[in-house]
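Working notes, structure below.
First the proteins, then the strands, lettered A, B, ... as listed; each starts at 1.
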Protein chains: 2
Amino acid sequence: MTEHQRGRKRRSIKTNNASSSATVSDVARLAHVSTATVSRALNTPDVVRLEVRERIAAAVEKLGYIPNDSARALRQNQTRLIGVVVPTLSYALYADFFASLQGTLAQDGYFALLTTSDYDLHSEAEHAIKLIRQGAQGLVLVGRLREKRLANFLAASGIPHVSTYVTDPTDNENIIGFDNARAIREAVEHLVSLGHRRIAMLSGVTTKQNDRAIARVNGFRIATQIHQLPSESWIAEAPYTIEGGRLALRAILARGLEPTALVCGSDMLAIGALQECKARGIHVPRDISIVGFDDLEIAAHLDPPLSTVEVPSVEMGKAAGEHIIALCSRAPAPEKTIFETRLVIRKTTAKPRSREIITQRASRRRTPSDLLVFSSS
Amino acid sequence: MTEHQRGRKRRSIKTNNASSSATVSDVARLAHVSTATVSRALNTPDVVRLEVRERIAAAVEKLGYIPNDSARALRQNQTRLIGVVVPTLSYALYADFFASLQGTLAQDGYFALLTTSDYDLHSEAEHAIKLIRQGAQGLVLVGRLREKRLANFLAASGIPHVSTYVTDPTDNENIIGFDNARAIREAVEHLVSLGHRRIAMLSGVTTKQNDRAIARVNGFRIATQIHQLPSESWIAEAPYTIEGGRLALRAILARGLEPTALVCGSDMLAIGALQECKARGIHVPRDISIVGFDDLEIAAHLDPPLSTVEVPSVEMGKAAGEHIIALCSRAPAPEKTIFETRLVIRKTTAKPRSREIITQRASRRRTPSDLLVFSSS
DNA sequence: CGCGCTAATGTAATCCATTACATGTGCGCG
DNA sequence: CGCGCACATGTAATGGATTACATTAGCGCG
């Protein structure tokens, strides 16, 4: 009866070469114990006698046994996989976020399945659902706004998920984020306190339903309203790239506006704006002050060093990891974790010149491109 | 007999709310077919009658059925998971590589399990093995050099894996890479052809067993030997950071050497060197020529725009993805895919001044830091 | 001496989808 | 008319680890 496994095809490999991966049964046979004991020796060693444990360990070693995780996952109904969808990895902000998240997950034996959506909600939904099908037990997403299909799916399935990089006072989703609107408001406050009244905003594209961008624009609207400044026509949208920043600033200037300060929805836009200013001979911060958003590593190395809003990507990654693990293991988790942003004031913000007039030299660029350079300090 | 499922706890949820995830049995019951037919309807629809298929589709819809992938993976013995270990994601080079790899994997229904090693071979080994335990069917690694434990493990288990960013003529592993040594050699050739004879190399840390860094240094040794130039004392090692680049250049200068050109093991080192030059009033490229490595996006935006070696990260990501999929599905795969690098000559390389003497002003920096700035172009 | 308890291990059910094999139906063709 | 084949579907084995429950041995204590 103990030999009912006799006819198994794998028997021939009993000796050593684990080419076709050994199973608990193989280990059990070699160690002269039952599969149950093998399993226990591996998972709850303290309930197995030392001598037996060593025999099993030797067998495991000899066979090069690796537990089949699919089988374990099937039985225990938990895969230890977390799906992560970020807009892009090319933007250091999200790369750092993921690195932090992944490290946190690893501490508890979880793994991250990562995909990128390229800022496209439809793509995000597709990927998220595929990740679930693939066995992800939870999802970490960026932003709170989702395609209806995904929203329904998440609601119906009850799959644990967290939203990051945002906050939304009106709902009680699981959120790990910060207040985009308030951060922009603080940036505007700073500029106003320096004496600025003609403030433009360079925003990321909001029509793509990027709720971080939308929240930042709303922050701008609120701030301008408080200080009775104009807003709508002082907003320009562009993609989150250096070129986008240039285009956005050009659009503002082309409207005949003469801003003394720019609030940007991202450091990339700020870099583009900075470049455009240089190209036009507009001095920063004397002629125009600029505030960025994200505090990329490069921001501190620009000339002038960029004043910007510091975003706690690393902290969010950690918190998101802890939060989603808690949800997946049914441990208690806080409903929200909201981080503070910090306005880092460097050298691109200053008082406006009194009665300033910006000379808009429509200087044609001669050099092949507009370049980042090092100051000679 | 057809009612042997009767006692199942899940029965009460038969109607709608799929809170506790439906199974094939649930779908089968609702559609009045067997589980086999459900499975077929989902996987090989053409063998199931249309009418039945629709009934099943309706049941799937109604129950919100999602196949349990652990079960499928167990049965079919394939998880569609690929483990990926890169040194870091903070370096755009690897972020882009991964993005490309992931996109390629997704096309064939594979998913990437991503971890970072922080350039530590031990960490790489740990992660790689954990990824396998977690169910990864293949591994994509950076570099060919591995900790012994991992090398043995891979050899013994026969798990499909590819090495990237390197090439090694002496073995026939599965490699998707490029010739680091040759790329550096070409950089040196370029400098020599411009008339340089005093060429220093700023290398990444080779003691960390970073075989990309090692290969690049070897390329430098070979090139200098060919042209009968000095080598060993003209090499400085430092971490792959801007600060590292500065330190390395300082070390070279502190040795009393007066290079007219620098070959750098990465763009980060080159950026640091550029910064240090500016800080010392050394003009680039008039006083010193600089060649970077990697061609990060920022390289073209520096001032002067950096001459550098273009590394085909995106192409490698794609090729690595296709290669590992081929290995995992036992399709034929080429043994190696070697890409060409390309020396992108921008503005940091020029002829050396005849009888040049570098004035080493040990200028104490006054400004708080050394900065990247935009040219006014 | 024997009851009852604990510790250690074995037996077999279980997780869920896939699939080899069996069954049944209907049709074409000799 | 009936054989044989194709098609559609059902039945039940299968994959590997975990774990509820059963069993056995050993020990303490009355």
Determine the contact category for [X]: base if any of its heavy atoms lies under 4.0 Å from a base atom, sugar-phosphate if only primed atoms, P, OP1 or OP2 are that close, otherwise nothing.
X        : value
Val48(A) : sugar-phosphate
Val33(B) : sugar-phosphate
Asn77(A) : nothing

Could you work out which one of dT19(D), dA17(C), dT11(D) sits closest to the side chain of Arg40(A)? dT19(D)
Of the candidate nucleotides dT18(C), dT19(D), dG16(D), which contains the atom at the shortest distance from the side chain of Thr35(B)?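 Nearest to the side-chain atoms of Thr35(B), counting from C-beta on, is dT18(C).
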Respond yes when some side-chain nitrogen or oxygen of [X] is under 4.0 Å from OP1 or OP2 of [N], and no when none is.
X        : N       : answer
Ser34(A) : dG10(C) : yes
Arg75(B) : dC16(C) : no
Thr37(A) : dG10(C) : yes
Ser39(A) : dA17(D) : no
Asn43(A) : dT18(D) : yes
Gln76(B) : dT19(C) : yes

Nearest nucleotide by nearest heavy atom, which residue falls closer to the 5' end of DNA chain D, Arg72(B) or Asp46(B)?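 By nearest-heavy-atom nucleotide position, the 5'-most residue is Asp46(B).
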With sequence neighbours excluded, give me every side chain to side chain donor-acceptor pair (under 3.5 Å) pair touching residues 40-54 of chain A.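 Qualifying pairs: Ser39(A)-Asn43(A), Arg49(A)-Glu51(A), Glu51(A)-Arg55(A).
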